[in-house]
Amino acid sequence: MSTRVRFAPSPTGYLHVGGARTALFNWLFARHTGGKLILRIEDTDKARNTPEAVQAIYDGLNWLGIDWDEGPLKGGDHGPYFQSERDAIYQKYFDILVASGRIYEDHGTMRFKTYRGNTTVEDVICGNVTFDMSNPVTNPDMTIRRPDGGWIFHFVNVVDDIEMKMTHVIRGEDHLSNSPKHVQLYEALGAKPPLFGHIPLILNKDGSKMSKRDQGASVQSYIEGGYAPEAVINYLCLLGWSPKDNREKLDLSEITPLFELENVNRRNAHFDLDKCFWLNGQYLAQMSLARFRDLSLPFIQKAGIVIDDEEKLLEALAIVKEKIKHLGDVPDWISYFFTDAYPYDEASVEKTLKKPGALDNLQALREAYANVSTWDAATLENSLKETAAARGVKTGELIHPARVAASGRSVGPSLYHLLEVLGKTKVLDRFATTVTRFS
RNA sequence: GACCCUAUCGUCCAGAGGUCUAGGACACUCCCCUUUCACGGGAGUAACACGGGUUCGAAUCCCGUUAGGGUCACCA
């Protein structure tokens, strides 16, 4: 039998990293087992759901590259995939429950009588967990329908998992204590419960619960923050799972064949943005220039940099690619290639240009560069070193002013490559402008 | 409070009774490379929560304690 799993988020306005990881583990399980991943939107709480919130889920999953086989925008044989549109189905199952005698009314709500005995949840990750359901205080009868006729999570969740023929339910560990109740619902409905896989939660680095506002909590923050989706995916996979051979950087095609639900850890993971950041740098440095360009473009446009020369853009990106850890840094690192109105970093000006002799050195370098026969990094390096030697100063005395004069800043790509890409005319102009401006 | 899950460096992950004087990664410190920044290379600091068992032998198995997390909604 082919496996079927689902990601069933509630549209709350954003996609939480924990939810993203749940989706990811479901995706990995489906792909690994050759099964299907279903997306189902759990929007039974009318008061809280908006179309924008649903869109945030699509956007987050799309960005991460997590695709689904059945669900909204995709269709399938088990729809509709919005719970708000499945009322007739719920009514049908509700009638079965009523007929079983397990339903009673309480202040207008409909409640499901809990069976007061041991109930076992078969869990692939946690092992079989048996709950003693005899205490009505800890395990009260579940409310499954509101006075206004609206359905409640526990019921619709189980009904849909039956109707959509789920073989496994992979979800956050926060649901583990709910699961025995769900198992009872399956049994009352005459269905065999699926196999569960409760994955540990993601907490903040200090162990506190991750809330909406915490750093790195929403997928949107990675999109806006300059992360490559493959880096975030990779990091998320490493939270609670590992390839067992100490590899850190792996892509989905490498992870999929290795991913076994049984090997998912049981302990909560503390989120470490530093490592995600590092991984991002690794991905940026190693990805193709074409992809780096595509990922950088939105940030370049947002910064208002006008690119009139695609060749120049690729040249500029090529020399900064391996040094950048964050796509959000791209504009600052390349703006001076495309405009002469780049800002001068105050601290760098103070430290290098205002240094005695700096402008004289710069002027000398300009003269040397005006006379070079070829304009490439190697030539520029040699020329700079010769100039330094001739003047009896360290090369650093020329490097620093040259960098600030050419780019306005003291950090960036290799100076000689920077100058090569910038071009002879601009370099000579900027050296001259700088000498005049700071004399 | 009751019930459930968990417990290896600050963090993530290896370790499924002897190969562990516990390995890798991030972060941090130092050194080398580069007379920028960074990358890269090398080194270092740093952990089996505690107490009992079981066993010839335990990070690994069992029990307890402690700690953290979760659930106990007309939220999902």
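Here is how names work: the chains are called A, B, and so on, in the same order as the sequence lines, proteins then strands, and each is numbered from 1.
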**Prompt:** Hey, would you say the Phe153(A) and His182(A) ring centroids sit under 6.0 Å apart?
**Reply:** yes
**Request:** Compare the minimum distances between each of G70(B), G24(B), C74(B) and the side chain of Thr109(A), then state the nucleotide with the smallest one.
**Result:** C74(B)
**Message:** Once you apply a heavy-atom cut-off of 4.0 Å, does Glu248(A) come out as touching a base, just sugar-phosphate, or nothing?
**Reply:** base
**Asked** Less than 6.0 Å separating the ring centroids of Tyr344(A) and Tyr336(A)?
**Response** no
**Request:** Map Tyr235(A) and Ile152(A) onto RNA chain B by nearest heavy atom, then report which one ends up closer to the 5' terminus.
**Result:** Tyr235(A)
**Whole-Å P distance, A25(B) and G68(B)** = 32 Å
**Asked** Considering only heavy atoms and no angle criterion, is a donor-acceptor pair shorter than 3.5 Å present between the side chain of Lys275(A) and the base of A25(B)?
**Response** yes
**Message:** Is it the case that over 12 heavy atoms from other parts of the model lie below 6.0 angstrom from the CD atom of Glu122(A)?
**Reply:** no
**Ring centres under 6.0 angstrom apart (Trp151(A), Phe94(A))** = yes
**Prompt:** When you compare A14(B) with G70(B), how far apart are their P atoms, in angstrom units rounded to a whole number?
**Reply:** 22 Å
**Prompt:** C1' atom, U60(B) versus U55(B): distance in rounded Å?
**Reply:** 13 Å
**Asked** So what does His198(A) hit on the nucleic acid, given a heavy-atom distance under 4.0 Å: a base, only sugar-phosphate, or nothing?
**Response** nothing
**Prompt:** What distance, rounded to whole Å, do you find between the two P atoms, one in U21(B) and one in C30(B)?
**Reply:** 32 Å
**Prompt:** Between Ala405(A) and Phe431(A), what is the shortest heavy-atom contact and its length?
**Reply:** CB-CD1, 3.8 Å
**Asked** What is the distance from CG of Leu250(A) to C1' of C13(B), rounded to the nearest Å?
**Response** 12 Å
**Request:** Verify salt bridge (charged side-chain N to carboxylate O under 4.0 Å, His left out) between Asp340(A) and Arg430(A), making sure each step is shown before the conclusion.
**Result:** CA-CA 8 Å; Asp340(A) 292 323; Arg430(A) 288 183 185 184; 2.7 Å; yes
**Prompt:** Base, sugar-phosphate, or nothing for Ser10(A), non-hydrogen atoms under 4.0 angstrom?
**Reply:** sugar-phosphate
**Request:** Compare side-chain N and O positions of Arg146(A) against OP1 and OP2 of A76(B) and report whether any pair is under 4.0 Å apart.
**Result:** yes
**Prompt:** Salt bridge check: are Arg247(A) and Asp245(A) linked by an N-O gap of less than 4.0 Å?
**Reply:** yes
**Fill in**
Across every strand shown, the nucleotide meeting Watson-Crick or G-U wobble geometry with U71(B) (both distances under 3.5 Å) is A2(B)
**Asked** Under 4.0 Å: is that the gap between some side-chain N or O of Lys385(A) and OP1 or OP2 of U35(B)?
**Response** yes
**Nearest-Å distance once atom P is located in both C5(B) and A38(B)** = 48 Å
**Prompt:** If you measure from the P atom in C3(B) to the same atom in G10(B), how many Å do you get, rounded?
**Reply:** 32 Å
**Request:** May I have the distance from Asn135(A) (atom CG) to U71(B) (atom C1'), rounded to whole angstrom?
**Result:** 13 Å
**Complete:** Separation of C4(B) atom C1' from His182(A) atom NE2, nearest Å, is 15 Å
**Prompt:** Within the structure shown, what part of the strands sits under 4.0 Å from Pro180(A) by heavy-atom distance: base, sugar-phosphate, or nothing?
**Reply:** nothing
**Request:** Using Watson-Crick or G-U wobble geometry with both distances below 3.5 Å, tell me the partner of U54(B), or none.
**Result:** none
**Asked** If you look at every strand shown and take non-hydrogen atoms under 4.0 Å, does Lys244(A) touch a base, only sugar-phosphate, or nothing?
**Response** sugar-phosphate
**Request:** Classify the nucleic acid contact of Gln282(A) as base, sugar-phosphate or nothing, counting any heavy atom under 4.0 Å across all strands shown.
**Result:** sugar-phosphate
**Asked** What nucleic acid atoms does Thr143(A) come within less than 4.0 Å of, heavy atoms only: base, sugar-phosphate, or nothing?
**Response** sugar-phosphate
**Request:** Would you mind pulling out the nucleotide paired to U34(B), Watson-Crick or G-U wobble, both distances under 3.5 Å?
**Result:** none
**Prompt:** What heavy-atom pair brings His400(A) and Gly396(A) nearest, and what distance separates the two atoms?
**Reply:** CD2-O, 2.8 Å
**Request:** Among the candidates G40(B), A76(B), C72(B), find the nucleotide nearest to the side-chain atoms of Lys181(A).
**Result:** C72(B)
**Message:** At 4.0 Å (heavy atoms only), tell me whether Ser414(A) reaches a base, stays on the sugar-phosphate, or touches nothing.
**Reply:** base
**Request:** With heavy atoms under 4.0 Å as the rule, sort Asn178(A) into base, sugar-phosphate or nothing.
**Result:** base
**Prompt:** Pro140(A) side chain: which of C74(B), C4(B), A73(B) is closest?
**Reply:** A73(B)
**Request:** Quick one: look up who U29(B) pairs with, Watson-Crick or G-U, both distances under 3.5 Å, and put none if it's unpaired.
**Result:** A43(B)
**Request:** Could you state the atom-to-atom distance from NE2 of His175(A) to P of U71(B) in whole Å?
**Result:** 9 Å
**Asked** Can you find an N or O donor on one side and an acceptor on the other, under 3.5 Å apart, linking the side chain of Lys323(A) with the base of C37(B)?
**Response** yes
**Item:** P atoms of G41(B) and C56(B), separation to the nearest Å
**Value:** 48 Å
**Prompt:** Atom CG of Asp332(A) and atom C1' of A38(B): how far apart are they, to the nearest Å?
**Reply:** 16 Å
**Prompt:** Are OP1 or OP2 of A76(B) and a side-chain N or O of Thr44(A) less than 4.0 angstrom apart?
**Reply:** yes
**Prompt:** If you look at every strand shown and take non-hydrogen atoms under 4.0 Å, does Leu415(A) touch a base, only sugar-phosphate, or nothing?
**Reply:** base
**Item:** Under 3.5 Å on both distances, the Watson-Crick or G-U partner of C20(B)
**Value:** none
**Request:** Report the distance from atom CZ of Phe155(A) to atom C1' of A76(B), rounded to the nearest whole Å.
**Result:** 16 Å
**Prompt:** Which base sits across from C48(B) as a Watson-Crick or G-U pair, both distances under 3.5 Å?
**Reply:** none
**Request:** Take atom NZ of Lys325(A) and atom P of A27(B), then tell me their distance rounded to the nearest Å.
**Result:** 6 Å
**Asked** When the nearest nucleotide of RNA chain B is assigned to Asp245(A) and to Asp132(A) on a heavy-atom basis, which residue is associated with the more 5' position?
**Response** Asp132(A)
**Asked** Does Asn265(A) make a side-chain N or O approach to OP1 or OP2 of U6(B) shorter than 4.0 Å?
**Response** no
**Message:** Roughly how many Å apart are C61(B) and A16(B), using the P atom of each and rounding to a whole number?
**Reply:** 11 Å
**Any Arg266(A) side-chain nitrogen or oxygen under 4.0 Å from OP1 or OP2 of U6(B)** = yes
**Request:** Please give the nucleotide sitting opposite U60(B) as a Watson-Crick or G-U wobble pair, both distances under 3.5 Å, or none.
**Result:** none
**Request:** Answer with base, sugar-phosphate or nothing: what part of the nucleic acid does Gly240(A) contact at a heavy-atom distance below 4.0 Å?
**Result:** sugar-phosphate
**Prompt:** In whole angstrom, what separates Asn280(A)'s CG from C39(B)'s P?
**Reply:** 14 Å
**Message:** For the aromatic rings, using the six-membered ring if either is Trp, is the centroid distance between Tyr342(A) and Phe337(A) under 6.0 Å?
**Reply:** no
